[in-house]
Every structure is written in structure tokens, then in C-alpha cells.
Amino acid sequence: MTNPTSLRDRKLAAGKFPMDVALAQRLVAAQFPQWAGLPVRPVAADGWDNWSFRLGDDMKLRFPSAAGYAEQTAKEAEWLPRLAPHLPLPIPVPVATGEPGESYPFRWSIQRWLRGDPASRANVPDRVQVARDVAGFITALQAIDIGNGPPPGQHSYLRGAHPIDAYGEEAHRAVEALTGEIDMRTAHEVLAAATESRVASPVWVHGDVAIGNLLVRDGQLAAVIDFGCMAVGDPSCDLVLAWVFLEGQARDAFRAALPADAGLWARARAWALWKSALVYRDGPGNPAEHSPPEIIAAVLAEHRAG
């Protein structure tokens with residue numbers, strides 16, 4: 001048996017629901033007949049948590065790919081319209097919510113289509129400015145009143161929780177698996193520093209500030225998408241872009257533009273170390289990002305530098 005290579009193949013191999021264009025068309029026709037005549041097309045840059053399709057020119061269909069992501073539809077429908085007016089960039093506000101049907105078991109959404117391409121080295125010539133713009137977006141998000149926003153949980157895959165409380169045991173195991181390949185003493189110091197830090201006040205957290213969720217047009221940050229992991233809690237998970245994509249002056253600009261104390265950065269380094277250690281042996285990762293060994297090396301060097 002050959003190894004699956006496309007994202008769709010990997011999702012199906014992992015047991016995700018087998019969504020396709022034909023099923024998406026049937027669901028739209030049955031529940032939203034006013035849009036039944038619009039073409040449905042796969043998107044070039046799909047994600048793991050959802051199946052995404054373009055509906056006509058101005059809308060997007062978003063179907064949770066497994067039960068673990070099913071809570072996100074209602075959460076986005078409730079909170080994204082409230083957050084959008086307070087943010088400096090467009091976000092994907094839902095325009096309708098679909099119900100299970102036609103063999104599909106979860107609630108799903110129709111959102112406005114936001115134009116742009118996922119950020120990459122090729123389409124971001126000025127990473128310093130983009131770093132500042134992402135930091136500005138995160139800062140604005142954190143400034144929004146939390147109200148009775150959702151605390152971290154299954155719906156956010158514990159994004160917004162203290163990283164050690166959420167994934168500490170797994171992080172230690174992933175680091176131990178790299179014995180002989182990374183500086184183990186410093187790696188454990190990174191996790192220990194995060195353990196000793198405490199979360200000050202809960203704020204809104206995007207949960208997945210990754211380059212695939214940062215849309216760029218003409219070299220400028222144009223929108224932020226995929227709020228499925230949003231929660232109210234610790235924003236350390238939102239800072240891992242510092243090592244995953246940024247470097248040098250861009251990383252410095254990102255750090256300088258964020259209202260983050262030493263403890264928050266310590267927890268962010270733990271998130272980055274954990275995630276990179278998990279995928280270290282699986283291959284080079286996303287070619288638009290730094291490789292897991294590069295990310296780990298940058299995190300450990302920063303910790304040693306104090």
C-alpha cells in the first residue's frame with residue numbers, strides 16, 4: 001500500500017468524514033435552495049479540522065471533518081459576528097448554519113469568502129511589517145471584552161489552556177524521544193520555565209495563528225481565518241509564529257509589538273517546543289515554515305540567551 005501524500009488522502013486515512021463536492025452540493029440544495037445554483041469547488045489550501053469548499057464567488061462552505069471539531073460551528077456562529085467589529089482585519093463571519101443531513105452528521109457553516117493567499121516566504125517580501133500587523137491583530141483580539149466567552153476545552157483542543165496543564169506529559173515524552181538529537185538539558189529547562197509561569201488574566205485567543213490562516217494580498221496581511229480553536233484563556237499558543245515562520249528582525253518586531261511578559265513568552269516557547277518535537281521525525285513539515293529542528297534550535301537558543 002502506498003503512503004497517502006495529498007492532504008485529502010491523509011485526512012481520509014486518519015478517519016475523517018469523507019466529504020466531497022457532490023455531497024456539499026446536495027446539502028446546499030436541500031437546506032439553502034436560494035444558493036443551489038452556485039458552483040461548489042474545492043479550495044486549494046484546505047485545513048485538517050474542516051473540509052472547505054468555495055460556494056460561488058463570495059462564500060465558503062465549512063464542514064467539520066470529525067466529531068472532535070463539531071462544536072466549533074456553533075461557537076463560530078455565536079462569537080465571530082461579535083468579534084469582527086473590533087478587529088483591524090476581516091475575519092470569516094458566518095452567514096448561515098447548516099444542519100446534519102444527506103449522510104453528513106454535523107452542523108456546518110457558510111461564511112463570506114475572504115480573498116488572499118496563505119502567507120509564505122514567497123508572498124511576504126516584508127516579514128517585519130507582516131509581523132507587526134499580526135501582532136496588532138492579536139493585540140486587538142486580546143483587548144476585546146471576554147464576556148462569557150468559551151473557556152478552553154475539547155472545542156479548542158485546549159488552546160487557551162496553560163500549555164503544561166494541557167500537554168505537559170506529552171511534551172516531556174516528545175522531548176525525551178529526541179535524546180541525542182537536541183540539547184535535552186535546555187529543552188527540559190524550557191518546559192520547567194513554562195511550568196513555573198502563571199497566567200495573569202484570560203483574554204480572547206485565536207488558537208491557531210499559523211501561516212495557513214493568515215491571508216496575504218499584494219504582500220500585505222489581508223485577513224485572518226479559521227477561528228475553530230478560539231477560546232478565552234492564555235494567549236501563549238498564539239505566539240508560536242515567532243519561531244515557526246519569523247526570524248531575525250521580523251521576530252524582534254513581533255515580540256516588541258505584543259503586550260507579553262516574560263512568563264507568557266516562556267509558555268509560548270513550550271508550545272513551540274512541544275509541537276515541533278511531536279513532528280520532528282515525521283519529515284520536513286510545511287516547506288513555507290521553518291523545519292521542526294530549526295524551530296527547536298531557535299527556541300532553545302532564545303531560552304539560553306535569557
Side-chain angles (χ1 to χ4, degrees), residues 14 48-49 66 68-69 71-72 138 142 146 149-210 228-245 251 254-255 258-283 285-286 289-306:
W48 184 257
D49 299 1
Y69 312 113
E71 294 179 80
Q72 297 177 359
I138 293 172
Q142 292 179 11
I146 62 173
Q154 172 64 37
H155 65 91
S156 70
Y157 276 75
L158 296 181
R159 301 305 190 268
H162 190 295
I164 302 302
D165 293 344
Y167 292 110
E169 292 184 9
E170 186 176 68
H172 280 283
R173 288 196 301 270
V175 165
E176 287 293 337
L178 299 180
T179 299
E181 299 190 51
I182 66 172
D183 178 350
M184 297 298 294
R185 178 177 177 178
T186 304
H188 283 296
E189 286 178 357
V190 167
L191 299 180
T195 301
E196 293 166 3
S197 72
R198 291 294 96 194
V199 180
S201 300
V203 295
W204 277 105
V205 175
H206 177 280
D208 193 12
V209 182
C229 288
M230 68 178 170
V232 168
D234 174 26
S236 57
C237 59
D238 281 353
L239 308 190
V240 298
L241 190 78
W243 305 282
V244 172
F245 182 63
R251 186 181 296 153
F254 186 65
R255 176 188 288 274
L258 283 166
D261 61 17
L264 180 50
W265 281 109
R267 297 191 300 280
R269 284 192 290 271
W271 275 109
L273 175 61
W274 160 66
K275 294 184 71 176
S276 299
L278 278 180
V279 301
Y280 189 102
R281 299 182 186 279
D282 293 341
N286 187 335
E289 300 176 339
H290 300 305
S291 69
E294 290 172 326
I295 296 167
I296 292 174
V299 166
L300 300 189
E302 186 172 295
H303 175 82
R304 285 192 291 266

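Residue indices begin at 1 and follow the sequence shown.
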Practice item. Among Q154, R159, H155, find the one that has a side-chain hydrogen bond (donor to acceptor under 3.5 Å, both in side chains) with Y157. Key: Q154
Check your understanding: More than 12 non-hydrogen atoms from neighbouring residues, nucleotides or ligands closer than 6.0 Å to CZ on R185, yes or no?
Key -> no
Review point. Checking H162 side chain against S197 main chain: does a donor-acceptor pair fall under 3.5 Å?
Key: yes
**Study point:** Main-chain N/O of A194 paired to R267 side chain as donor or acceptor, under 3.5 Å
**Key:**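 No.
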Would you say that [X] contacts [Y] through its side chain, given a criterion of any heavy-atom pair below 4.5 Å between the two side chains?
{"X": "V190", "Y": "L300", "value": "yes"}
{"X": "H206", "Y": "P235", "value": "no"}
{"X": "H290", "Y": "W243", "value": "no"}
{"X": "T186", "Y": "V299", "value": "no"}
{"X": "E289", "Y": "I295", "value": "no"}

Contact summary for [X] and [Y], nearest pair of heavy atoms:
{"X": "C229", "Y": "D49", "result": "SG-OD2, 4.2 Å"}
{"X": "M230", "Y": "S156", "result": "O-CB, 3.9 Å"}
{"X": "D238", "Y": "F254", "result": "O-CZ, 4.3 Å"}

Identify all side-chain donor-acceptor contacts of residues 268-277 below 3.5 Å with residues at least two apart in sequence or on another chain.
residue	atom	partner	partner atom	Å
R269	NH1	E302	OE2	3.0
W271	NE1	S236	OG	2.8
W274	NE1	E170	OE1	2.8
S276	OG	A272	O	2.9

Can you tell me how far [atom2] of [Y] sits from [atom1] of [X], rounded to the nearest 0.5 angstrom?
{"X": "D165", "Y": "L158", "atom1": "CG", "atom2": "CG", "value": "9.5 Å"}
{"X": "H188", "Y": "M184", "atom1": "NE2", "atom2": "CE", "value": "4.0 Å"}
{"X": "L258", "Y": "L239", "atom1": "CG", "atom2": "CG", "value": "5.5 Å"}

